[in-house]
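Please read the structure below before turning to the comments.
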Amino acid sequence: MSSRAFSPADLSAARSWPFQEARALVKRLERMKAPADRPVVFETGYGPSGPPHIGTFGEVARTTMVRRAFEALTGRPSRLVCFSDDMDGMRKVPPHLPNQALLEKHLQMPLTSVPDPFDAEHSSFAHHNNAMLRKFLDQFGFEYEFLSATECYRSGKFDETLIRVLERYDAVMEIILPTLGEERRATYSPILPISPSSGRVLYVPMLEIDPKAGEVLFEDEDGTKVKTPVTGGRAKLQWKADWAGRWFALGVDYEMAGEDLTESVRLSSRIVRALGGEPPAGFNYQLFLDENGKKISKTKGNGITIEEWLAYASPESLSLYMFHNPKAAKKLYFDVIPKVADEYLTWLQKYPSQEGAAALDNPVWHIHEGDPPTDISPVSFALLLNLVNATGTGDPEILRGFVAKYRPNASPEALAAAEKLIGYAARYYEDFVKPKKLYRAPSEQERAALAALSARLKEIGEGAEEEVYHTAAFDAGKANGFEKNIRDWFKGLYEVLFGQPEGPRMGPFVRIYGTANTAKLIDEALAR
RNA sequence: GGGCCCGUAGCUCAGCGGUAGAGCAACUGACUUUUAAUCAGUAGGUCGAUGGUUCGAUCCCAUCCGGGCUCACCA
């Protein structure tokens, strides 16, 4: 690792939000008098009833930023727990899934007891989604520990916490009940037993609770009264109590959440205190909006998905987007992608010349966990998009040639760094530029000039200087009536050959694309 | 309506008590036998509004305006 070292003075001068968050966490640990060698626990939560999405990425990326800032600040060990709420009952069958009938039969069962509707590869629906989550996180190289709620309950990891909830039952109820509607109030219990007869998660009131024995009495689905221990996976905590229980059981020190969960965090904090714990540090980040400032909703399909982002720009650029101002509602729509991609490059270029706190506050320090790469693409994404527009091609080979020409002094490493951008640009071309192309037929005059150019290029052959080709382009125009308006010649040439009024400088283009290919391009256009 | 968050140049953001900054975009010029690129330069903000605290406020407080979330169920 070639990551830079920073002085304590630099570190305390860093003002970017991850450092501010890290300092808040430090204060919390001081208040708690936490032993300095105890690993500090960061958590992110995940609901395994659907695939991971751009918000999942954002939460883990941002949490990791705080984590690394904290480590830099304190040198203390830390862990990041990605927790899957996979013991939650399946309340309804998510539409769009295959095997609806099969799923229907398993309503109210813990998600880890619902069969995988996709294939037999995973032992349950939740296992399938958990695997997707891990694959998703791994592809970005996040460092984390995966934790399954089901395993935590069944293994006894949460036993102590469940008993504690029984011990503090009244205090917990007192906090939760006022937040519920009248109807729910009548049946609410922070403990949800798993029916021994049906395996479903039961939303029933507790008839008796016995903290000493660690048991509860409730009415099972078949009407029989059942007394059961709450431990070993025979019961779980309900919403409003389970988050607090998890904090308590895992000793979570830091967790952020979307602003829609602001009230939940507040409530859970009170509950964890009632259990005798201390709520984690953290903050509520804002949700994303679409181009018009409207909330992004999956059904409306506004905004963009992580797949869309990653099709046209790097994960690092998405991290940069996540880094910016997490407390402001940010617009997330297509046009921001190229802009953010180039902003990322700009920050990367700036980093080596920055010192102290300025470097620590540079987003790339956070995006790359303190160790930004030194090989930087010598061309911006905007330039590549221009190129793609100008050359009318998304052929990576041609783009590569132009990059090498534009940046003759670029190192092989830098050119390698540009490779990814070229791929994104090519994709962009295919999806956005190509469909908009409008080739027009040449005028008689243009036809003659184009034919002359084609013939001349074949004559010259490959390997000549750019200027030779460029001169040929001019000559063909001048010799066919464009001597006074050479601009029109080029405009027409582009419209006929590339389907747009602008195009590449012809000399370099021919040199890179080849005379035979260019001549072929012309001949095909004339034959169209 | 209550609560929370946000509101600084066209855009994305920094600045968090001492006479407003960056990147991109825009514009001008140079260069290039079209485009793009490159280089040099210019312009652009009553820091959402109004009051208050202060010798002094973008920065603190209050109110208001605008945007988002949340306050039945579900997570």
Side-chain angles (χ1 to χ4, degrees), chain A residues 15-17 20 45-50 85 88-92 94 111 178-185 188 203 238-240 242-243 257-267 283-290 292-296 320-321 323-331 335-336 338-347 349-350 357-358 361-363 378-392 402-403 405-407 466-467 470-475 477-478 482-483 485-494 498 500-509:
Chain A
R15 297 224 170 277
S16 48
W17 67 265
Q20 298 190 16
Y46 169 71
S49 53
D85 269 318
D88 286 13
M90 182 171 68
R91 303 302 303 255
K92 57 188 173 194
L111 288 161
T179 71
L180 297 172
E182 212 169 314
E183 212 171 303
R184 288 283 283 127
R185 209 173 299 170
Y188 183 87
Y203 295 79
Q238 171 151 211
W239 168 244
K240 290 184 192 274
D242 70 342
W243 204 359
E259 76 154 338
D260 51 332
L261 295 180
T262 308
E263 287 305 318
S264 291
V265 171
R266 203 188 307 274
L267 185 73
F283 73 102
N284 292 284
Y285 55 83
Q286 292 281 332
L287 276 17
F288 300 118
L289 309 175
D290 73 2
N292 304 312
K294 295 292 169 207
K295 187 187 176 181
I296 287 180
L320 174 59
Y321 181 81
F323 176 85
H324 278 322
N325 213 4
K327 282 192 177 181
K330 300 160 66 56
K331 290 181 181 176
D335 300 21
V336 308
K339 208 185 282 184
V340 176
D342 277 339
E343 238 171 75
Y344 165 72
L345 290 178
T346 304
W347 285 116
Q349 271 154 6
K350 218 169 173 178
D361 286 335
N362 184 321
V379 290
S380 69
F381 192 48
L383 170 60
L384 283 172
L385 292 185
N386 274 329
L387 218 46
V388 150
N389 266 308
T391 59
F402 273 101
V403 170
K405 181 198 141 32
Y406 277 130
R407 296 286 184 273
E466 287 174 9
E467 290 313 305
H470 207 61
T471 303
F474 270 85
D475 289 347
K478 285 180 189 165
F482 287 104
E483 52 283 306
N485 49 345
I486 199 74
R487 235 168 229 272
D488 292 343
W489 154 235
F490 279 101
K491 185 161 176 287
L493 181 145
Y494 295 133
F498 301 102
Q500 50 199 26
E502 290 173 353
R505 189 181 160 87
M506 287 311 288
F509 177 80

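Side chains are part of it too, since the values below use all heavy atoms of this structure and drop only hydrogens, waters and symmetry mates. Each chain gets a letter, A, B and so on, in the order the sequences are listed, and its residues count up from 1.
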Original post:
Looking for any heavy atom pair under 4.0 Å, which part of the strands does Ser16(A) touch: base, sugar-phosphate only, or nothing?
Top reply: nothing
Original post:
In terms of side-chain heavy atoms of Arg184(A), which of C73(B), C6(B), G3(B) is nearest?
Top reply: C73(B)
**OP:** Have a look at Leu180(A) and say if it touches a base, only the backbone sugar-phosphate, or nothing, with a 4.0 Å heavy-atom cut-off.
**Re:** sugar-phosphate
**OP:** Please determine, for the side chain of Arg15(A), which listed nucleotide (A75(B), G15(B), C69(B)) has the closest atom?
**Re:** G15(B)
**OP:** May I ask which nucleotide in the shown strands pairs with U12(B), Watson-Crick or G-U wobble, both distances under 3.5 Å?
**Re:** A22(B)
Subject >> Donor-acceptor pair, side chain of Asn362(A) and main chain of Trp347(A), under 3.5 angstrom >> reply: yes
Subject >> Residue Lys478(A), side-chain atoms from C-beta onward, closest of C11(B), C69(B), U33(B) >> reply: U33(B)
Subject >> hbond_proxy Glu263(A) side chain to G3(B) base (donor-acceptor, 3.5 Å cutoff) >> reply: no
Subject >> Counterpart base for C74(B), defined by Watson-Crick or G-U wobble contacts under 3.5 Å >> reply: none
Subject >> Complement of U32(B), any strand, by Watson-Crick or G-U distances under 3.5 angstrom >> reply: none
Original post:
Would you call the rings of His470(A) and Phe490(A) parallel, tilted or perpendicular, where under 30° means parallel and over 60° means perpendicular?
Top reply: parallel
Subject >> Listed nucleotide nearest any side-chain atom of Lys330(A), set U33(B), A75(B), C13(B) >> reply: C13(B)
Subject >> U70(B) base / Ser264(A) side chain donor-acceptor hit below 3.5 Å >> reply: no
Original post:
Out of C4(B), C11(B), A75(B), which nucleotide sits closest to the side chain of Arg266(A)?
Top reply: C4(B)
**OP:** When you get a sec, tell me which of C74(B), C6(B), G23(B) is the closest nucleotide to the side chain of Ala328(A)?
**Re:** C6(B)
**OP:** Searching all strands shown, indicate the nucleotide that pairs with G44(B) (Watson-Crick or G-U wobble; both distances under 3.5 Å).
**Re:** none
**OP:** Output the single nucleotide from C13(B), A75(B), C4(B) whose closest atom is nearest the side chain of Leu261(A).
**Re:** A75(B)
Original post:
Nearest to the side chain of Thr346(A) - G23(B), C74(B), C4(B)?
Top reply: G23(B)
**OP:** Would you indicate what Lys350(A) reaches in the nucleic acid, counting non-hydrogen atoms under 4.0 angstrom: base, sugar-phosphate, or nothing?
**Re:** sugar-phosphate
Subject >> Whole-Å gap separating C1' (A14(B)) and CD (Glu343(A)) >> reply: 12 Å
Original post:
Touch check for Tyr344(A), heavy atoms < 4.0 angstrom, all strands: base, sugar-phosphate only, or nothing?
Top reply: nothing
**OP:** Under 4.0 Å between any heavy atoms, over every strand shown, what does Asp361(A) touch: base, sugar-phosphate, or nothing? Just pick one.
**Re:** nothing
Original post:
Is there a donor-acceptor contact under 3.5 Å from the side chain of Asp342(A) to the main chain of Phe381(A)?
Top reply: yes
Original post:
Using purine N1 to pyrimidine N3 plus N6-O4 or O6-N4 for Watson-Crick, or N1-O2 and O6-N3 for G-U wobble, each under 3.5 Å, what pairs with G66(B)?
Top reply: C6(B)
Subject >> Verify stack between Phe474(A) ring and U33(B) base, 5.5 Å, 30 degrees >> reply: yes
Original post:
For Asn284(A), which contact category applies under a 4.0 Å heavy-atom criterion: base, sugar-phosphate, or nothing?
Top reply: nothing
**OP:** For residues Tyr321(A) and Val340(A), report the shortest heavy-atom separation together with the two atoms involved.
**Re:** N-CG1, 4.0 Å
